Peer 1: 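Have a look at the structure that comes next, please.
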Amino acid sequence: MAARKRSRRWRWVRLSVQTLALALFLYLLVAAHAGASTWLPGDLFFRLDPLTGLAAMLAEKRLVIPMLLGLLTVGLTILLGRAWCSWVCPMGTLVDWINVRRFRNALGHPSPWHLVKHVTLLAVLLGALLGTLSLLILDPITILFRMLTSGFIPGIDWMVTRSETYFYRYDAFQGFLERFDGFVRGTLLPAAEPYFIPSIALIVVFMGILALNAVRPRFWCRYVCPLGALLGLVSHVSVLRRVVDREKCNSCRRCARECPVNAIDSEKAYASDPAECIMCLKCVEDCPTGAITIRPQPQLARPELEGLTRRQVLGSFGLMLAGIVVLRLAPLLRGTDQRRLRPPGSSEQDMMTSCIRCGICVNICPTHALHPGGAGADYDGLWTPMLVPRLGYCDYMCTSCGEACPTGAIPMLSLTEKQQAVIGKAEIDQDRCVPWSQGVNCIVCQEMCPVPEKAIELEEVIRTNSEGLETTVLLPLVVRERCIGCGLCEHQCPVNGEAAIRVYPDQGGGQRQRRGRS
Amino acid sequence: MRLPGHQISNGTVKMTAIDRRELLRRMLALGGGALATAALISLLSCSKELSPELPSDNVTPPSPPPSGAAYLAVARGDSPTTLVQRSISALGGIERFVRPGNDVIIKPNICGSGRTPEYATTTNPEVMAALVALCLGAGARRVRVMDLPFASISGSDYAYDSSGIAEAVGKAGGEMEVMTKMKFQKTSIPSGQSITSCRVYQDILETDVLIDVPIAKHHGNTILTLGMKNLLGIVDDAPSYHTADLSERVVDLNTVVRPHLVVVDAIRILMNSGPTGGNLSDVKLMNTIIASHDIVAADSYGATLFGMTGNDLPIVRGGARRGLGTTDLSSIKIEEIAV
C-alpha cells in the first residue's frame, strides 16, 4: 500500500501539467484577441508542434525559422518518449478528460488499427511534399484552436451578449452588468461581436472526435492523430522507456487491461510499443507489485507492432493521389461563383503551400473579417482564411494578421505596405444600389471609403422621380486604381441581404475575366 | 452498495482512482448545467414576448430658458474654451442644465476615418474639454463622452484617439466610453413616420443630461450635418437608415432622443466633400460656437454659416414641422457675443 501511495503522486503531477498547458493554450488564444502583450509568442503551441512545422517546410522547400521550435518537442520526445500526448497536447488533454464510459482493453496483441494514424501522417507529409497543406486540418492543435476561436467563443459571446442585453433593461442589474461587461469585453470575449460561417461544422467535428471516445478511450490519440504518429516514430529511439520486471510481475493483466492507449501486449510479457506508449505512468502507479518502472534504456526499442508494409505505404500513396484528384474535381466549378478574397498581401499560392490552417489570423482579426474558408475556399483550401466583407472588413489601420501568422503565409507588412496591398476591387451592382436603382441618395460607401483619395466618387445627375419632380441624385462610382478591396463599403452597404457594392478578387486589367468557356 | 468513486476493500470504503474521473464528470455536469441555463436565458431573451421595447414616453422636451436668459447664444472669437463658457453663460449658465450629482453624457461627432481636428470632420477637442470642465464644475457626478464612429465598435478606440477628443476629455476629467453591444435597446418611436422603432444606446435615453455637440459640416446626403443628424451616432444600425428617407428617419429618431443642450462647434467648418472631407481647402475657419436648448433653432443658425436657412435642410425643416423647435430665428431671443 505504501508503494501505491507514493506513486499516485504522478497522477496529480500529470494532471497539473496538463491543466497548466491547457490553461496556457487558452490564455494565448484569449490574449491574442484581447491585444494583450505576452512574453510568449501567440503561436507557441503551433511552433512546438513538429508536424505543422515539418509539413510547412516540406511544402515550401525552405526553413521556416520560427517553426524550428518543434525540434524542442522532438528532442524531448527522444528523451522521454511520446509524453507530449498525455502531458502537454491540449487536444490530448480534452480527449483524456472527457471519458464517456470506462473501458477494459481486450487482451492479446494491440490492434493493427493503430497503424491508421501512420497512414494519416504519411498522407499529410506526402501532400505537403506535393505542395498542399490541406491535410493539416487533421493536426490536433489546429483542430482545437480553430474550433475554439470560430466555434466555441462566438457561441459563448452570443449567449453573454444576449443575456446582458436582456438584463440591462432593468435598473437593478445595470451597475453589475456595466462592471461585468467592462471586464469581459475585449478581454475574454472579442470587442466586436464574432460571427463565423463554419462555426457549426467546426463544433460538430470536435464533438465527433470526443464522441469517438465512446468507441475506445482516447480514440483520436490511438488511431487517428498524425502528430501522435510522428512523435511515436521518434519514440523508437527514446531514452526513457517502460520496463517490466519479470521477477515481480504476477501477470494480473491490470496494466494491459487499463492502458488508455492499449499499448501493452499481454502476450509479450506486458511489454509496450514505445511508439504507442504515451508515458502517462498509469501502469507504473497502478501495478500492484511495483513491477513496472520507467528507466533509461541503452539499446533502441524494437517496435512490438509491425510497421507499415511496403504495400500499405504504396496503398496510402495511391489513396493520397486519388484524394488529390477528388479534391481537384470540385475546382472545375471554380471561378463561376467564387469570391475568394485572401488576407492582405497573401496570394492563393501562399494559402495552399504555407498556410498551416491554424486559425491564428481568424482569432486575431479585430473586425472578424477573416473566416476559416469552407466550400468557398474549395476542398483543398479548407479552413484557409478568407475575407468575407459582408461580415467584417479589413481595417485600414490594422496589420494584425500578417504579424501573427506563424509561417508567413500572410506576409508581415508595414502599415504603409498593407494600406496599398490590394485584396480585391469593389464593383457596384447598379440593380441593387439605392441611388442607381431608386434615385434615392445614400452615399454610405463613399462616406466610409478609408483610402485618402476616396476610391468611390459621386456623380451628380438629375433624375425625374416618381412624382415627376426633378431631383439631384449622387451616384457612386468606383475608381478601380484607388480601390484596395478592404470591403468596408460592402460591409456597411445598407441594402438588405447581399450588398449592392461587392469586392471581387482583382484579376488585373479593367474587366474581370471569367474562367471557362463562355 | 457501491458508491461511484468508492471501493470496498478489507471492509472499509476507500476512494479509488475513479474519483478524479467522477470529479471531472461532476464538474462537467455543473459547467454544462450553467451553460444550458445561460443558453436558455439567451434564447428566452430572443423571443419577442419577453423582450418588451423600452418605453419611450419618458421623453421630455428640453426646458425653455428662464427669464433674462437668451434662447440661443452665438459667440465668436479666438479661444474655443472662452466661446463655450460665454455662450453657455448667456443661456443662463451651465447650472441651468446640470445639477450637482447629475450623470452627464456629451455626444460629439467623431468621424471614423481617423482625421485630425484640422480637417473639420470631428468635433473640436477644446470645445469638448471646455464642456466637460463646465459640467464637472457644476457638480456632475460623472461626465461621459461617446460616439459610434461609422457604426463600428471595434473602430471606436482608434477614432477617439485620432480625433484628439480622448486626450482632451481625459485631461478635463471626463470618461470616454466605447459603446458596448448590450446597451443598444429596441425603442419604439410612437410618432415615427418612416421608422417606428430604433436601437438606441440605453444610457443616452436614461442619462440626466444629454449634450449634443456636432461639428457643422457639409454632408453629401443631408446637405449639412448638425445637431439633429449627429444623433445618428447613438444607434447601432445607422447605415440601414440610408436606404430611404434618411432625413425623415433622423427626425423620427429626434422625437425620442431630446438633448437638453445643443452646442454647435463651428470653430472650423467643412464647406464641401463632407462628411469625411480630407481636403484642407474645404475647411473654413469660423471661430464660432452656437448654443441653445432648441436643437432646431441651433441647427437653423448653423445653416446660416453656409449661406442657407434651416428650411433649406430637410432634417431641420422636418424637425420644425414635428414641433421639435423653431426655424424662425427672428422670433427668438438671440444673444451674439464677440470675445
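Not measured: the values here are computed from a predicted model. Every chain is numbered from 1, with letters handed out A, B, ... down the list of sequences.
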Peer 1: Can you tell me which of A:H491, A:Q446, A:Q438, A:K454 forms the most heavy-atom pairs within a distance under 4.5 Å of chain B?
Peer 2: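 Of the candidates given, the most pairs with chain B belong to A:K454.
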Peer 1: Look at B:T180, B:N221, B:D237 and state which one has the largest set of heavy-atom pairs under 4.5 Å with chain A.
Peer 2: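 Among the listed options, the one with the most contacts to chain A is B:N221.
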Peer 1: For A:E193, which atoms come within 4.5 Å of any heavy atom of chain B: side chain, backbone, both, or neither?
Peer 2: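 Just its side chain gets close to chain B.
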Peer 1: Less than 4.5 Å to any heavy atom of chain B: does that hold for the side chain of A:Y393, its backbone, both, or neither?
Peer 2: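 Just its side chain gets close to chain B.
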Peer 1: For A:N496, is it the side chain, the backbone, both or neither that has a heavy atom under 4.5 Å from a heavy atom of chain B?
Peer 2: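 Neither the backbone nor the side chain of A:N496 comes within 4.5 Å of chain B.
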Peer 1: Under 3.5 Å, is there a donor-acceptor pair between the B:R249 and B:T243 side chains?
Peer 2: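 Looking only at side-chain atoms, B:T243 and B:R249 do form a donor-acceptor pair, the distance falling under 3.5 Å.
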Peer 1: Does any heavy atom of chain B fall under 4.5 Å from the side chain of A:M448, the backbone, both, or neither of them?
Peer 2: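 Both backbone and side chain of A:M448 come within 4.5 Å of chain B.
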Peer 1: Against chain B, work out which of A:L474, A:D181, A:T367 has the most heavy-atom pairs shorter than 4.5 Å and name it.
Peer 2: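 Highest number of pairs under 4.5 Å: A:D181.
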Peer 1: Do the side-chain N and O atoms of B:Q202 and B:E206 include a donor-acceptor pair separated by under 3.5 angstrom?
Peer 2: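 Note: B:Q202 and B:E206 side chains meet the donor-acceptor criterion.
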Peer 1: Tell me, for B:Y158 versus chain A, whether the close heavy atoms (under 4.5 Å) come from the side chain, the backbone, both or neither.
Peer 2: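 For B:Y158, the contact with chain A is made by the side chain alone.
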Peer 1: Need one label for A:Q174: side chain, backbone, both or neither, based on atoms under 4.5 Å from any heavy atom in chain B.
Peer 2: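 Only the side chain of A:Q174 comes within 4.5 Å of chain B.
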Peer 1: Sort out for me which of B:T222, B:D203, B:L246, B:D157 touches chain A most, counting heavy-atom pairs under 4.5 Å.
Peer 2: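 Top count of heavy-atom pairs under 4.5 Å with chain A: B:D203.
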Peer 1: Which answer fits B:Y241, side chain, backbone, both or neither, if we ask what part of it has an atom under 4.5 Å from a heavy atom of chain A?
Peer 2: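 Nothing of B:Y241, per the 4.5 Å heavy-atom cut-off to chain A.
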Peer 1: Using the six-membered ring of B:Y119, assess whether NZ or CZ of B:R115 lies under 6.0 Å from its centre and within 45 degrees of the ring axis.
Peer 2: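 Ring-cation test returns yes.
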Peer 1: So how far is it from B:K229 NZ to B:I223 CD1, rounded to the nearest 0.5 Å?
Peer 2: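 Result: 12.5 Å between the selected atoms.
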Peer 1: Between A:L488, A:V434, A:V440, which has the largest tally of heavy atom pairs under 4.5 Å with chain B?
Peer 2: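 Counting heavy-atom pairs under 4.5 Å, the top option is A:V434.
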Peer 1: Who pairs with A:T93 by side-chain hydrogen bond (donor to acceptor under 3.5 Å, both in side chains), at least two apart in sequence or on another chain?
Peer 2: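 So A:T93 forms no side-chain hydrogen bond (donor to acceptor under 3.5 Å, both in side chains) with any residue.
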Peer 1: Would you say that more than 12 heavy atoms from the other residues, nucleotides or ligands in this model lie under 6.0 Å from the CD1 of A:I200, or not?
Peer 2: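 For A:I200, atom CD1 is not crowded (no more than 12 foreign heavy atoms under 6.0 Å).
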Peer 1: Going by an N to O cut-off under 4.0 Å, is there a salt bridge joining B:R144 and B:D103?
Peer 2: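 Counted as a salt bridge, because a side-chain N and a carboxylate O are separated by less than 4.0 Å.
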Peer 1: Between A:E453 and A:R482, is there a side-chain N and carboxylate O pair less than 4.0 Å apart?
Peer 2: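 Yes, charged N to carboxylate O under 4.0 Å.
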Peer 1: Could you tell me which portion of A:I156 (side chain, backbone, both or neither) has an atom closer than 4.5 angstrom to a non-hydrogen atom of chain B?
Peer 2: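 Contact with chain B: side chain only.
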Peer 1: What part of B:I153 gets within 4.5 angstrom of chain A, counting heavy atoms only: side chain, backbone, both, or neither?
Peer 2: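 It is the side chain, since no backbone atom gets that close.
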Peer 1: Between B:Y160 (side chain) and B:D147 (backbone), is there a donor-acceptor pair under 3.5 Å?
Peer 2: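 It does hold such a pair.
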